[in-house]
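In what follows, a single structure is set out as structure tokens and then discussed.
All values below come from the heavy atoms of this structure, side chains included, with hydrogens, waters and symmetry mates left out. We count ligands from 1, going down the list as the structure has it; atoms in each ligand are counted the same way. Everything quoted here is computed from the prediction, not taken from an experiment.
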Amino acid sequence: MEIKIINKSAHPLPQYETAHAAGMDLRASISEEIVLKPFQRLLIPTGLFIELPIGFEAQIRPRSGLAYKHGISIVNAPGTIDADYRGELKVLLINLSDTDFKIVNGDRIAQMVVAKHETVIWQAVEELGETQRGEGGYGHTGKA
Ligand SMILES: O=c1ccn([C@H]2C[C@H](O)[C@@H](COP(=O)(O)OP(=O)(O)OP(=O)(O)O)O2)c(=O)[nH]1
Ligand SMILES: [Mg+2]
């Protein structure tokens, strides 16, 4: 599927790293190196602007390698890119480690998954259909 994109970064377009990958890595597009201090959060620009088809969203997700090795995550994971958004894609990183984390221009800081979504029309009712689970949740199953 083709999706319109404007690339104002100095980097190649995001790409799938393997044949059947779901995510494309996003790179930081920054003029100076950034140091993310422990528990600091920062909105990192990517230099990318996209026009998703109606009925699609993009999700900005953490990279597991950065999370495992450096405690780098995304505050609002998964970030939601709406089909009608025309601004720059940005990544809200947070450093959950106890050491500084350095980001340089071009670093792969997150991954993006494009997905279909439904648009709901509510049908307001007084009662919902009965189920075996009912209102049970939060570890409800398996309890004596
Ligand atoms: O990680 C993110 C999350 C969002 N956005 C952009 C695209 C999205 O369409 C827009 C709004 O995001 P969201 O709905 O999550 O934020 P909000 O706090 O609800 O703001 P708004 O009132 O503008 O919807 O910001 C990003 O670039 N990166
Ligand atoms: Mg919103």
Side-chain angles (χ1 to χ4, degrees), residues 1-131 133-141:
M1 179 181 65
E2 286 191 350
I3 297 180
K4 287 184 189 171
I5 185 164
I6 297 172
N7 183 6
K8 295 188 181 173
S9 78
H11 316 301
L13 290 178
Q15 61 177 39
Y16 297 107
E17 298 293 333
T18 58
H20 304 297
M24 290 176 274
D25 288 342
L26 295 176
R27 294 175 184 274
S29 177
I30 48 181
S31 52
E32 288 176 7
E33 126 182 347
I34 289 172
V35 175
L36 211 52
K37 299 202 169 301
F39 295 104
Q40 190 186 356
R41 61 181 189 269
L42 212 56
L43 205 48
I44 314 287
T46 65
L48 301 173
F49 301 71
I50 65 176
E51 182 177 332
L52 290 164
I54 292 166
F56 287 79
E57 59 150 346
Q59 300 170 8
I60 311 281
R61 303 184 186 179
R63 294 185 67 207
S64 61
L66 289 183
Y68 179 55
K69 291 180 208 154
H70 303 288
I72 297 301
S73 192
I74 294 178
V75 181
N76 58 325
T80 304
I81 308 300
D82 300 291
D84 52 3
Y85 181 67
R86 296 292 177 267
E88 183 173 10
L89 301 185
K90 293 184 179 172
V91 180
L92 187 50
L93 287 188
I94 185 163
N95 180 356
L96 297 177
S97 78
D98 55 8
T99 52
D100 288 0
F101 181 71
K102 193 171 78 176
I103 303 162
V104 300
N105 189 33
D107 278 356
R108 290 180 292 153
I109 52 171
Q111 59 185 320
M112 181 171 74
V113 174
V114 174
K116 280 186 189 168
H117 71 84
E118 299 290 338
T119 298
V120 161
I121 299 167
W122 295 117
Q123 180 194 356
V125 296
E126 295 301 324
E127 280 176 35
L128 303 176
E130 274 181 32
T131 66
R133 172 181 288 277
E135 295 186 20
Y138 314 100
H140 153 88
T141 58

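- Ile30 pairs with exactly one of Val104, Asn105, Ile109 by the side chain to side chain contact (heavy atoms under 4.5 Å, CB included) rule, that one being Asn105.
- Annotation: side chain of Arg27 is not in contact with side chain of Asp107 (no heavy-atom distance under 4.5 Å).
- One finds the CG atom of Leu89 at 6.0 Å from the CE atom of Met112 (value rounded to the nearest 0.5 Å).
- Between the Arg63 side chain and the Leu66 main chain, no donor and acceptor come within less than 3.5 Å of each other.
- Evaluation of the side chain to side chain contact (heavy atoms under 4.5 Å, CB included) rule for Lys8 yields Ile6, Phe49 as partners, not counting sequence neighbours.
- Within the 3.5 Å criterion, the main-chain N or O of Leu36 finds a donor-acceptor partner in the side chain of Asn95.
- Protein neighbours of ligand 1 below 4.0 Å, counting non-hydrogen atoms: Asn76, Gly79, Thr80, Ile81, Asp82, Tyr85, Glu88, Leu89, Lys90.
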